[in-house]
Amino acid sequence: MTDQPSIVRVRDILAAEEPGSCVQVQGWVRTRRTSKAGLTFVEVNDGSSLANLQVVAEQALPNYEAISKLGTGASVEVRGEIVSSPAAGQAMELRAADIRVVGDSPDDYPLQKKRHSFEYLRTIAHLRARTNTFGAVARVRNEVSRCIHEYFQTRGYLYVHSPIITAIDAEGAGEMFQVTALDLENPPRRDGHVDYGRDLFEDRAYLAVSGQLEAEIMATAVGGVYTFAPTFRAENSNTFRHLSEFWMIEPEIAWCDLDRLQDIAEDFIKCIFASVLDRCPEDMRFFNDRIDSTAIETLESIVGSRFVRISYTEAVEILEKAVEANFQFPVSWGMDLQSEHERYLTEQTFRKPVIVTNYPRENKAFYMRVNDDGKTVAAMDVLVPRIGEIIGGSQREERYDRLREQMAARGMDPEAYWWYLDLRRYGTVPHAGFGLGLERTVQFITGMANIRDVIPFPRAPGLLSF
RNA sequence: UCCGGCGUAGCUCAGUCGGUAGAGCGGGCGGCUGUUAACCGCUUGGUCGCAGGUUCGAGUCCUGCCGCCGGAGCCA
């Protein structure tokens, strides 16, 4: 036994420590059970794992009185010896030689030793991170993020930073938040309109809805890049899978066509799922037990199988034959696939992820490459059960004239995209990319029903606390 | 934004045909226990979302508003 035991995380104690070692633990009290026989059990959690460490305090401790009354949520520093636990429930426990109550927690601590609704927990987002579920979500989200960087870094992609503030109203993909330094109570005016020429950027500015166009700039210089950044949508969407501020990963790859893009997207997703299964087994077991009883099985089966790949046209043919589905929106070639159609494909027809490609040109963005049939573009959506679209991507239109046509057909001003067009004038190259929604990925993996519960501080219409 | 549902104790909910409000958990007190969602007893706790209306009487019925949840659209 040394005088200064090293600070050890609960996760490491439960995984590796041997009886006899002396450690110091720092964490928060999850629950306390006091026995009148002069023994108090304190469950300490430090966020490193789902499981708590059982700390055993004996009456001989000088501050035993305070320890026996410790409230849920209190912060403590415990020094002691790891011993084998004589009782069921845990292999190891910490026999306390010293417990320092760093911050007590009064009896109005909002988190009780029972199940709370996620809805209620959202109203105390500053404390919900201390619950089992949100701790587990935080660790899985971290692993997904870590794995994404590893995936691209080990394959030679550059992590690039696209701007958050942008002038481009990117193809009307959802409403944008405007950014201004003007006094909104009294903006400068000219000819009856707000004079944005006198704003800080001397032009209208927005929060980015995508980093893709800038990523294309970088990809056509260095080959393969990816962004990993917050994205902003001002759309008044109030659903279980939309946020006003969310994180998106957008790889962009030069010399890449749609076939290879599909290979990358599939490999990428499987890699993330496999990594979470491998490195967060305890948390995944929790989600499987408490949130979605098929969580682990779903991930394992996806990792071990091939994604289905069908064209939009084939998808429409399948859906048109599915009379028993009794769709609210009838299916015909040329229409957008509705949620019910996507779910039919992923949950009924194939029961696994489906990549749908080559959508009608009119339904998709101007930058997608026009196919030889002239009617479709080289787009792909990766659809998964329950969530729907988790990835949206395409091969980009690299031919200058075709891109001009696409823009003209949508009434877009080429002047505003002069630099984007320049990429096609000088050394153009086939390239492709996609966007992966981080929150939707975490949602799919964990089985969490609402996207607001897989991001620590959700922003959605009417939701800006914390 | 549209459609539907729900707002009752700190939390999760019940409340029948309209007759002045209940349980479990939590908190407090006591008992018991190498305990572990501990257990047992007692106890505490409410402007029934807000504002109107109908009625002898409204948690309950009606209208408006606010909030939340679910579905749809938009998308990742």
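Just so it is clear, the values below take in all heavy atoms, side chains as well, and ignore hydrogens, waters and symmetry mates. Residue numbers begin at 1 in each chain, while the letters A, B, ... track the order of the sequences. Being a predicted model, the structure only gives us computed values, none of them experimental.
Phosphate contact (OP1/OP2 of B/U35, side-chain N/O of A/T34, threshold under 4.0 Å): absent. Remark: A/R122 is in phosphate contact with B/C69, judged by side-chain N or O atoms under 4.0 Å from OP1 or OP2. When the side-chain nitrogen and oxygen atoms of A/Q338 are compared with OP1 and OP2 of B/G73, one or more of them lie within a distance under 4.0 Å. Put simply, A/T31 has no side-chain N or O that comes within less than 4.0 Å of OP1 or OP2 on B/A37. Not one side-chain nitrogen or oxygen of A/T231 sits closer than 4.0 Å to the OP1 or OP2 atom of B/A76. Contact between the side-chain N/O atoms of A/N450 and the OP1/OP2 oxygens of B/G70 is found at a separation under 4.0 Å.
Where A/R343 and A/F41 each meet RNA chain B at their nearest nucleotide, the meeting point lying more 5' is that of A/F41.
Listed by residue number, the members of residues 240-248 of chain A with any heavy atom below 4.0 angstrom from RNA chain B are A/F240, A/R241, A/H242, A/L243, A/F246, A/M248. Within residues 344-357 of chain A, no residue approaches RNA chain B, by heavy-atom distance under 4.0 Å.
There is no side-chain donor-acceptor pair under 3.5 Å between A/H431 and A/E398. Remark: the A/T231 side chain and the A/W247 side chain contain no N/O donor-acceptor pair separated by less than 3.5 Å.
The separation of B/G18 from B/C62, taken at their P atoms, amounts to 11 Å, rounded to a whole angstrom. Taking the C1' atoms as reference points, B/C17 lies 15 Å from B/G59, given to the whole Å. Comparing the P positions of B/A14 and B/C61 gives a spacing of 14 Å, expressed to the nearest Å. On the C1' atoms, B/G57 is 39 Å away from B/G41, given to the nearest whole Å. Comparing B/C69 with B/C75, their P atoms are spaced 23 Å from each other, to the whole Å.
Taking the six-membered ring where the residue is Trp, the centroids of A/Y226 and A/Y159 are separated by under 6.0 Å. The aromatic ring centres of A/F444 and A/F273 sit less than 6.0 Å apart. Residues A/F268 and A/Y151 bring their aromatic ring centres within 6.0 Å. No close placement of the A/H242 and A/F240 rings is indicated, their centers lying 6.0 Å or farther apart. Taking the six-membered ring where the residue is Trp, the centroids of A/F232 and A/F246 are separated by 6.0 Å or more.
Salt-bridge check for A/K69 with A/E65: passed, with a basic side-chain N closer than 4.0 Å to an acidic carboxylate O. Of the charged side-chain nitrogens involved, at least one lies within less than 4.0 Å of a carboxylate oxygen, so that A/R141 and A/E439 count as a salt-bridged pair. The pair A/E43-A/R30 does not count as a salt bridge, with every side-chain nitrogen at least 4.0 angstrom from each carboxylate oxygen. The pair A/K375-A/E362 fails the salt-bridge criterion, with no side-chain N (NZ, NE, NH1 or NH2) lying under 4.0 Å from an Asp/Glu carboxylate O.
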Q. Given the rule that a pair is Watson-Crick or G-U wobble with both distances under 3.5 Å, how would you write RNA chain B in dot-bracket, using | for pairs to a different strand?
A. (((((((..((((.....[..)))).(((((.......))))).....(((((..]....))))))))))))....
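Considering only the side chain of A/Q90, B/U35 comes nearest among B/G27, B/U35, B/G73.
When the C1' atom of B/C13 is taken as reference, atom OH of A/Y120 falls 15 Å away, rounded to whole Å.
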